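Side-chain atoms are counted along with the backbone in the values below, which use heavy atoms only and exclude waters and symmetry mates. Keep in mind it's a predicted model, so treat the numbers as computed, not measured.
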Amino acid sequence: MGASQQEQGPLRVALLGCGVVGSEVARLLTQQSADLASRVGAPLELVGIAVRDASAPRPLAESVDRSLLTEDAEGLVARADIVIEVMGGIEPARALLLRAIEAGAAVVTANKALLAEDGPTLYKAADTAGVDIYFEAAVAGAIPIVRPVRESLAGDSVRRILGIVNGTTNYVLDQMASTGMSFDDAVRQAQDLGYAEADPTADVEGFDAAAKAAILASLAFHTRVSLEDVAREGITRITADDVAWAAQTGHVIKLLAIAESVTDDDGSHGVSVRVHPALVPVAHPLAGVRGAFNAVFVEADAAGELMFYGRGAGGAPTASAVLGDVVSAARHRVLGGKGPEESTYAALPILPASTAVTRYQVRLAVDDRPGVLAQVAQVLASKGVSIEAVRQPSEAAAPGADDTHGADGGSTGVAHLVITTHAAAEAALAATVDAIAVLEPVREITSVLRVEGA
Ligand code: NDP
Ligand code: HSE
C-alpha cells in the first residue's frame with residue numbers, strides 16, 4: 001500500500017442499477033478492490049446499489065451483498081463521491097445524474113440514449129460544478145473508442161467514422177447469415193445473452209446505434225450532434241433473401257453507423273451522420289466482425305486509418321469500460337485534475353443524409369425480354385449514375401426465385417437483375433430508383449441496399 005493510499009480515506013461509490021451491467025460492475029468493484037485501491041491511491045467503497053425492486057431475485061448478482069440494495073436512489077446519490085449510472089432510460093437517470101453533479105460527485109454513465117438526447121445539459125452541469133463526467137461504456141461496450149476519439153486524436157482531424165456499434169443487430173444478422181436462423185429467434189437469443197436493450201426495438205430499429213453515432217460524431221467533429229440529427233434505418237426490413245443475395249454477390253449485411261465530414265453541392269462544409277444496413281464486401285475487415293462484436297474504423301488526416309475491435313455488449317465487457325472511467329475519475333479525486341470537457345467550438349452544420357456519397361445495389365424483377373436492361377441502363381445514365389456491375393443470375397440460382405416459378409416449376413418470364421452502382425450522391429441514387437420503379441417492364445424493386453467499405 002503506497003503512502004498516498006494510507007492517507008486518503010475511501011471514496012464512496014454509488015451504483016445506480018444492478019442489471020446486466022450493474023451486477024458486473026458491483027462484482028468487479030468488490031473482487032478487484034485491492035488492485036483498484038492501488039491504481040487509484042484510495043479504496044473505493046461501494047456504499048449502495050439503487051434498483052427498482054430491492055426484494056426481487058437477482059440471479060445475475062449472486063455475488064453482490066444484498067444489504068447494499070436500496071430503492072432510495074436519491075438518498076444514495078447524496079452520499080457519494082462517484083456515481084455510476086447503469087440503470088438506462090432518460091428519467092430518473094438524468095435527474096439523478098444532475099443531482100449528483102450539483103452535489104459535487106463525479107459521474108460515470110453507460111447511458112447512450114440519455115447522452116444522445118440531452119448530453120449537453122449534463123456536460124454543462126459538470127463543467128459548472130468542476131466535476132468529471134465519463135461515458136466510455138456508452139459506445140461499443142468494452143472497446144476503448146470514446147477516449148481515443150476525444151483525447152488521443154485531439155491533435156488530428158477526423159474525416160470519417162464507420163462502425164458496427166450495435167452488438168444485438170450484428171448478432172442477429174450474423175445468425176441469419178451463418179445458420180439461417182429467423183430474425184425473431186435471433187433477437188430472442190440476443191436478449192437472453194444480455195446484449196439487447198430493455199426494449200429491443202432500440203436495437204433493431206437503429207436507435208441505439210444512432211445514439212452512439214451521435215456521441216462519436218460530436219466528439220470527432222467538435223460539434224453538437226443529437227439523436228434527431230442522425231438519419232436512421234434499422235434492420236427490420238432485411239429478409240432471409242437479402243442475406244442470401246448478399247452472400248451470392250460477395251457481401252455480408254451489417255448495420256453501419258457512419259459519421260463523416262462532407263461538402264454539399266453549394267460548397268458548404270458540414271457533418272453527415274447516418275445509420276443503416278449496408279452491404280460490406282466479404283474481403284473488408286468489417287465483414288469479419290461476427291456475433292455481438294463491434295468494430296469502429298476511424299479515418300483521420302494524419303493518423304490515417306485506425307480500427308478498434310472488441311466486445312460491444314454484455315455485462316462484463318461493458319463493466320470493464322465503466323471501471324476504467326471510475327478509476328480515471330477517482331484518480332482525479334485523489335491527485336487533483338479533471339477529465340476533458342465538451343468541445344463544440346467547430347459548430348459545423350449537420351447536412352442531410354442526401355448529401356452523402358454512397359453506392360447502391362438494387363435488385364429488381366423485370367419482364368424477361370430483349371431491351372429491358374437497356375431501358376434500365378438508360379435511366380441510370382440520365383441521372384448521371386454510373387453502373388459498376390449488372391448480374392442476371394439464372395432463375396434457379398436466384399435466392400427466393402421459387403416465388404417466380406410457375407406451378408409446373410417452369411419459367412414465368414421474370415428475370416432478376418442485380419445492379420451495383422459506382423459512388424454517387426444519395427439523392428441522385430434515390431431518384432434513380434424511383435425512376436426505374438415506374439418503367440413498364442419493371443415488376444418489382446425487390447430491394448435497395450447501400451454498399452459501403454468497397
Ligand atoms: P438492465 O435492464 O439489465 O438493468 C437496469 C437496472 O437498473 C436494473 O437493476 C433496474 O432495477 C435498475 N433501474 C431501472 N430503472 C430504475 C429506476 N427508475 N430506479 C431504480 N433502479 C432502476 O440494463 P443493462 O444493465 O443492460 O443496461 C444498463 C445501461 O447500460 C443502459 O443505459 C444500457 O443502454 C447501457 N449499456 C448496456 C449494455 C449491455 O450490453 N447490456 C452495453 C452498453 C451499455 P431492477 O433490477 O430492480 O429492475
Ligand atoms: N444493446 C446494445 C447492443 C448494448 O446490442 O450493442 C451495448 O450498447
Side-chain angles (χ1 to χ4, degrees), residues 16-17 19 21-22 50 52 73 77 83-102 107-129 131-141 145-146 149-150 161 163 165-169 196-234 255 257-259 271-276 312-313 318 321-322 325 340-344 347-350 352-353:
L16 308 181
V21 180
R52 268 182 297 231
V77 159
V83 172
I84 304 170
E85 186 273 307
V86 284
M87 60 184 6
I90 305 302
E91 293 294 356
R94 172 169 45 196
L96 289 166
L97 285 174
L98 286 173
R99 189 174 282 253
I101 289 167
E102 281 155 18
V107 297
V108 173
T109 179
N111 193 335
K112 56 266 168 159
L114 174 56
L115 293 174
E117 175 160 315
D118 199 17
T121 299
L122 295 168
Y123 307 143
K124 186 162 182 291
D127 288 353
T128 305
V131 299
D132 281 336
I133 176 164
Y134 279 109
F135 46 90
E136 183 62 68
V139 183
I145 184 66
V146 168
V149 172
R150 182 154 79 152
I161 294 179
V165 293
N166 182 268
T168 300
T169 46
E197 295 302 300
D199 175 1
T201 311
D203 297 294
V204 297
E205 293 292 0
F207 289 102
D208 179 78
K212 293 165 178 168
I215 294 168
L216 283 183
S218 303
L219 299 172
F221 299 110
H222 302 272
T223 292
R224 277 189 183 158
V225 181
S226 68
L227 186 58
E228 59 258 33
D229 295 321
V230 183
R232 177 197 50 80
E233 191 184 311
L255 183 73
I258 303 169
V271 177
S272 159
V273 192
R274 54 204 165 98
V275 166
H276 54 68
T318 308
V322 169
D325 283 351
E341 297 179 355
E342 187 189 23
S343 167
T344 58
L348 294 169
I350 312 296

Measure across [X] and [Y] and return the closest heavy-atom pair with its distance rounded to 0.1 Å.
| X | Y | value |
| --- | --- | --- |
| Leu348 | Phe221 | CD1-O, 4.1 Å |
| Leu255 | Ala209 | CD2-CB, 4.1 Å |
| Ala100 | Val107 | CB-CG1, 3.8 Å |
| Asp203 | Ala196 | OD2-CA, 3.3 Å |
| Ala217 | Val273 | CB-CG2, 3.7 Å |
| Pro120 | Glu342 | CG-OE2, 4.0 Å |

Sub-4.5 Å side-chain heavy-atom contact between [X] and [Y]:
| X | Y | answer |
| --- | --- | --- |
| Leu98 | Thr121 | yes |
| Leu96 | Glu85 | no |
| Leu219 | Val146 | yes |
| Thr128 | Ile101 | no |

Measure the [atom1]-[atom2] distance between [X] and [Y] for me, rounded to the nearest 0.5 Å.
| X | Y | atom1 | atom2 | result |
| --- | --- | --- | --- | --- |
| Glu102 | Leu97 | CD | CG | 11.0 Å |
| Leu216 | Lys112 | CG | NZ | 12.0 Å |
| Lys124 | Glu341 | NZ | CD | 12.0 Å |
| Met87 | Arg52 | CE | CZ | 8.0 Å |
| Ile161 | Ile258 | CD1 | CD1 | 11.5 Å |
| Asp325 | Ile133 | CG | CD1 | 10.0 Å |

Working note: Ile350 + Val225, criterion side chain to side chain contact (heavy atoms under 4.5 Å, CB included); need CA distance, chi angles, decisive distance, verdict. CA-CA 8 Å; Ile350 312 296; Val225 181; 3.8 Å; yes
Can you check whether [Y]'s main-chain N or O pairs, donor with acceptor, with [X]'s side chain at less than 3.5 Å?
| X | Y | answer |
| --- | --- | --- |
| Glu136 | Ile145 | yes |
| Asp208 | Ala202 | no |
| Asn111 | Gly89 | yes |
| Thr344 | Arg224 | no |
| Ser272 | Ala353 | no |

Lys212 and its side chain to side chain contact (heavy atoms under 4.5 Å, CB included) partner, picked from Val230, Val275, Val165: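 Result for side chain to side chain contact (heavy atoms under 4.5 Å, CB included) with Lys212: Val165.
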Check each of Val108, Val322, Ile215 against Phe135 using the side chain to side chain contact (heavy atoms under 4.5 Å, CB included) test, and report the only one that passes.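 Per the side chain to side chain contact (heavy atoms under 4.5 Å, CB included) rule, the option paired with Phe135 is Ile215, out of Val108, Val322, Ile215.
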Please determine whether salt bridge (charged side-chain N to carboxylate O under 4.0 Å, His left out) holds for the pair Glu91 and Arg94, giving the CA-CA distance in whole Å, both sets of side-chain angles, and the decisive distance to 0.1 Å. CA-CA 5 Å; Glu91 293 294 356; Arg94 172 169 45 196; 2.9 Å; yes
